[in-house]
Amino acid sequence: MEKARFYAPDDGGVCCLLCPHHCFIKEGGRGKCGSRECREGHLFALSYGKPCSIAIDPVEKKPLNRFLPGTFCLSLSCTGCNLSCRWCQNSSISQVKAGEVEEMRLSPEEVVEICLGRGLPSIAYTYTEPLTWWEYMYDIAVLAHEHGLKNILVSAAYVEKEPLLSLLPYVDAANIDIKAMDESIYRKWCGASLSPVLDNIIAMKDAGVHLELTNLLVTGVNDSSEMISRLCEWLSENGFLATPLHFSRFFPRYRMKDSSTTPVKTLAMAREIALSYGIKDVLLGNI
Ligand code: SF4
Ligand code: SF4
């Protein structure tokens with residue numbers, strides 16, 4: 001069992017310091033993400049070496065359109081997420097606890113061997129929230145660099161500064177999903193908060209990571225022209241005019257099955273708004 005990094009003893013249990021939730025976890029309990037457990041006063045990363053999903057994807061599917069275009073990547077995922085978006089498209093693996101779905105056994109060495117054996121140039125940590133299986137991702141990412149492979153992070157970027165900065169030297173590209181430029185949407189619909197996400201996006205840009213951003217336009221939640229304008233305004237004011245921005249179409253899923261698919265005209269409107277703010281590279285996804 002792999003001991004977690006980033007925690008401290010706290011009042012008969014532990015406090016996990018990996019993400020801003022700072023879960024207090026009693027003996028035998030788990031944090032919100034379902035994959036970190038306290039045993040005998042220590043925190044353990046339960047899904048280390050146990051991916052629940054592995055596939056080969058075009059890199060454009062991450063989505064990354066300006067990083068190694070035309071290539072394929074090894075996509076890897078373990079269970080768990082520290083957000084709880086009601087529209088999650090991968091809830092069957094993100095909103096379950098470690099051990100609740102079928103898991104493989106793959107060491108970091110074996111993951112890198114698969115990637116090299118298939119002639120793939122990159123590994124994508126994706127589908128769920130890879131930052132909640134930080135230890136496994138980190139160990140693979142270090143090894144991947146030693147073998148000349150690139151690492152791709154697909155994430156909502158809700159993580160503490162220290163683990164993020166420790167990981168960034170090994171991250172070559174990232175697609176970060178910004179849910180909305182609105183604190184109340186983060187709280188009500190995703191169980192998280194906005195400001196750490198924005199700080200982390202800036203930290204990634206400053207670290208020289210190839211960054212692309214995604215905004216899933218969810219019907220009736222974040223698809224108003226005012227909400228889209230707020231996002232574009234923040235991007236233009238914070239030096240992201242050259243960062244590719246993906247507006248993605250929502251399909252009813254998980255706890256929003258009664259909602260409706262994003263109309264294509266809403267995506268077109270979002271694109272027009274982004275261009276009017278001077279964002280240079282605006283892409284529409286899931287259409
Ligand atoms: S990573 Fe998981 S256990 Fe740790 S603070 Fe975040 S939600 Fe809680
Ligand atoms: S951050 Fe992504 S994986 Fe996690 S709940 Fe939200 S949509 Fe699902």
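Just so you know, ligand 1 is whichever comes first in the structure, and atom 1 is the first atom listed for that ligand.
Taking both residues in full, the closest heavy atoms of Ser195 and Glu183 are given as N-OE1, 3.9 Å, listed atom of the first, atom of the second, then distance. Tyr48 and Pro108 get closest at one heavy-atom pair: OH-CG, 3.5 Å. A pairwise comparison of heavy atoms in Cys15 and His22 identifies SG-O, 3.8 Å as the closest pair.
Hydrophobic clustering (side-chain heavy atoms under 4.5 Å, transitive across Ile, Leu, Val, Met, Phe, Trp, Tyr) groups Tyr125 together with Val112. In the hydrophobic cluster analysis, where Ile, Leu, Val, Met, Phe, Trp and Tyr join through side-chain heavy atoms closer than 4.5 angstrom, Leu283 is grouped apart from Leu213.
Here the protein heavy atom with the shortest distance to atom 6 (Fe) of ligand 1 is Cys19 SG, 2.3 Å. For atom 4 (Fe) of ligand 1, the nearest protein heavy atom (residue, atom name, distance) is Cys16 SG, 2.3 Å. Residue, atom and distance of the protein heavy atom nearest to atom 2 (Fe) of ligand 1 are Cys33 SG, 2.3 Å.
When each of Cys52, Ser53, Pro51, Cys115 is tested with Leu76 by the rule side-chain contact (heavy atoms from CB on, under 4.5 Å), just one qualifies, namely Pro51.
Heavy-atom separations between Lys179 and ligand 2 include at least one value shorter than 4.0 Å.
Listed by number with element, the atoms of ligand 2 under 4.0 Å from a non-hydrogen atom of Gln95 are 5 (S). Applying the 4.0 Å criterion to heavy atoms of Arg36 picks out, from ligand 1, the atoms 1 (S), 2 (Fe), 3 (S), 4 (Fe).
In Cys85, the parts holding a heavy atom less than 4.0 Å from any atom of ligand 2 are both the side chain and the backbone. Proximity of Arg30 to ligand 1, defined as any heavy-atom pair under 4.0 Å, is not found for any part of the residue.
Put simply, His21 stays out of reach of atom 6 (Fe) of ligand 1, with no N, O or S atom under 2.8 Å from it. Within the coordination shell of atom 8 (Fe) of ligand 2, defined by N, O or S atoms under 2.8 Å, Cys81 is absent.
Of the candidates Gly80, Gly31, Cys38, Cys23, the one placing a heavy atom closest to atom 8 (Fe) of ligand 1 is Cys23.
Counting heavy atoms of neighbouring residues, nucleotides and ligands inside a 6.0 Å radius, atom CD of Glu237 exceeds 12 of them. Sparse packing is recorded around CD of Glu162, with 12 or fewer heavy atoms of other residues, nucleotides or ligands lying under 6.0 Å away.
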